[in-house]
Amino acid sequence: WLPGLATPENLVGWSVAATILIFLLSWLIGLLAAYANISLGQRMTYDLAGDVFAKLQQLSLHFHARKSVGDNIRRVTGDCGCASVIVKDALLPIFSSIISLAAMFSILWGIDAVLALLSLTVAPYMMFVLWRYARPMMDWSYEQQEAEGRIYEVVEQAFAAIPVVQAFGREEFNNQRFAQTTRGCIAATLALT
């Protein structure tokens with residue numbers, strides 16, 4: 001089917017050309033996927049950040065008196081990236097996994113129906129484990145996010161009052177507060193992990 005004589009040299013040449021073409025195509029597809037992921041992810045993040053920023057500006061002074069500026073900054077700059085992570089790193093892999101599982105199940109059904117049904121017996125156990133650990137994981141995640149918010153709060157307070165901090169030599173005190181806050185964040189992240 002290939003042009004040229006069916007000699008070993010020609011076949012090697014076609015194999016090398018096909019390998020290079022497959023490599024270039026896979027590289028191009030990877031590049032396009034990365035570009036699409038970044039474009040979609042950044043657009044989602046910044047659109048959500050704009051919405052959160054607009055909403056925070058509309059909230060009452062009572063709300064702003066209870067919440068620190070650092071926590072609000074973290075909500076706008078940090079938390080908004082979660083939407084992109086959820087879509088790109090959770091929903092799309094779940095969707096592709098469901099398709100893969102359905103394809104494998106249909107193939108296994110064609111080979112041996114009893115074995116296919118037997119393979120489904122792990123599903124209730126998996127659902128029980130998910131149900132059992134989902135709530136504690138969400139609670140630990142919330143604690144970890146609150147700890148990150150405290151880091152933003154310490155930084156915001158120190159920089160907002162930098163003339164006072166320098167005038168009274170409170171740099172070391174703020175360094176210790178920052179170190180203590182980051183230790184708390186690390187502990188919360190380890191607990192979540």
Side-chain angles (χ1 to χ4, degrees), residues 1-57 70-111 116 119-120 122-123 126-127 129-130 133-134 137-138 140-152 155-156 159 178 181-182 185-193:
W1 297 334
L2 298 172
L5 298 175
T7 63
E9 292 81 17
N10 276 346
L11 292 177
V12 168
W14 281 109
S15 295
V16 168
T19 302
I20 292 171
L21 181 64
I22 290 171
F23 170 78
L24 290 175
L25 286 175
S26 66
W27 175 80
L28 180 63
I29 290 170
L31 180 66
L32 292 175
Y35 183 80
N37 277 338
I38 290 170
S39 177
L40 172 69
Q42 293 297 316
R43 192 174 310 118
M44 286 175 54
T45 298
Y46 293 140
D47 286 348
L48 182 58
D51 293 344
V52 170
F53 181 70
K55 183 65 178 173
L56 283 172
Q57 291 181 84
D71 187 60
N72 290 337
I73 291 171
R74 186 184 70 81
R75 300 277 179 219
V76 173
T77 60
D79 287 356
C80 293
C82 293
S84 170
V85 170
I86 288 170
V87 170
K88 291 188 324 181
D89 298 338
L91 294 180
L92 290 179
I94 287 172
F95 181 70
S96 66
S97 295
I98 289 171
I99 291 172
S100 296
L101 284 173
M104 288 189 292
F105 182 77
S106 65
I107 291 169
L108 188 56
W109 183 268
I111 295 172
S119 70
L120 290 179
V122 299
M126 290 171 57
M127 294 306 290
V129 169
L130 179 65
Y133 289 106
M137 286 175 18
M138 286 182 1
W140 290 328
S141 176
Y142 183 75
E143 288 176 26
Q144 191 258 347
Q145 291 173 8
E146 289 295 312
E148 283 183 0
R150 287 189 289 276
I151 290 175
Y152 281 87
V155 170
E156 183 271 329
F159 287 155
F178 184 78
T181 307
T182 56
C185 187
I186 290 170
T189 303
L190 289 174
L192 172 62
T193 303

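Note: hydrogens, waters and symmetry copies are ignored here, and every other heavy atom, side chains too, is used.
- Panel note: side chain S141, backbone M137; no donor-acceptor pair is recorded below 3.5 Å.
- In this structure, CD1 on I20 lies 11.0 Å from OG on S15, to the nearest 0.5 angstrom.
- Taking CD of Q145 as the reference point, atom CG of L192 lies at 9.0 Å (rounded to 0.5 Å).
- Distance CZ/R150 to OG1/T182: 12.0 Å, rounded to 0.5 Å.
- Between A83 and L48, the closest heavy-atom pair is CB-CD2, 3.7 Å.
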Practice problem: Decide yes or no on salt bridge (charged side-chain N to carboxylate O under 4.0 Å, His left out) for R75 and E146, but give the supporting numbers first. | Solution: CA-CA 10 Å; R75 300 277 179 219; E146 289 295 312; 3.1 Å; yes
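- The structure places OG1 of T45 at 11.5 Å from CD1 of I38, a figure rounded to the nearest 0.5 Å.
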Self-check item: Derivation and outcome, side-chain contact (heavy atoms from CB on, under 4.5 Å), residues F23 and T19
Solution: CA-CA 6 Å; F23 170 78; T19 302; 5.6 Å; no
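- Note that CE of M104 and CD1 of I107 are 8.5 Å apart. Values are rounded to the nearest 0.5 Å.
- With contacts defined as side-chain heavy-atom distances shorter than 4.5 Å, the pair I151/F178 qualifies.
- For Y142, the OH atom is loosely surrounded, since the number of other residues' heavy atoms within 6.0 Å does not exceed 12.
- Y35 is not listed as a side-chain neighbour of L31, based on a closest heavy-atom distance of 4.5 Å or more.
- Within the model, atoms CG of L28 and CG of L21 stand 10.5 Å from one another, a figure rounded to the nearest 0.5 Å.
- Without hydrogens or angle criteria, S39 side chain to A36 main chain gives no donor-acceptor distance under 3.5 Å.
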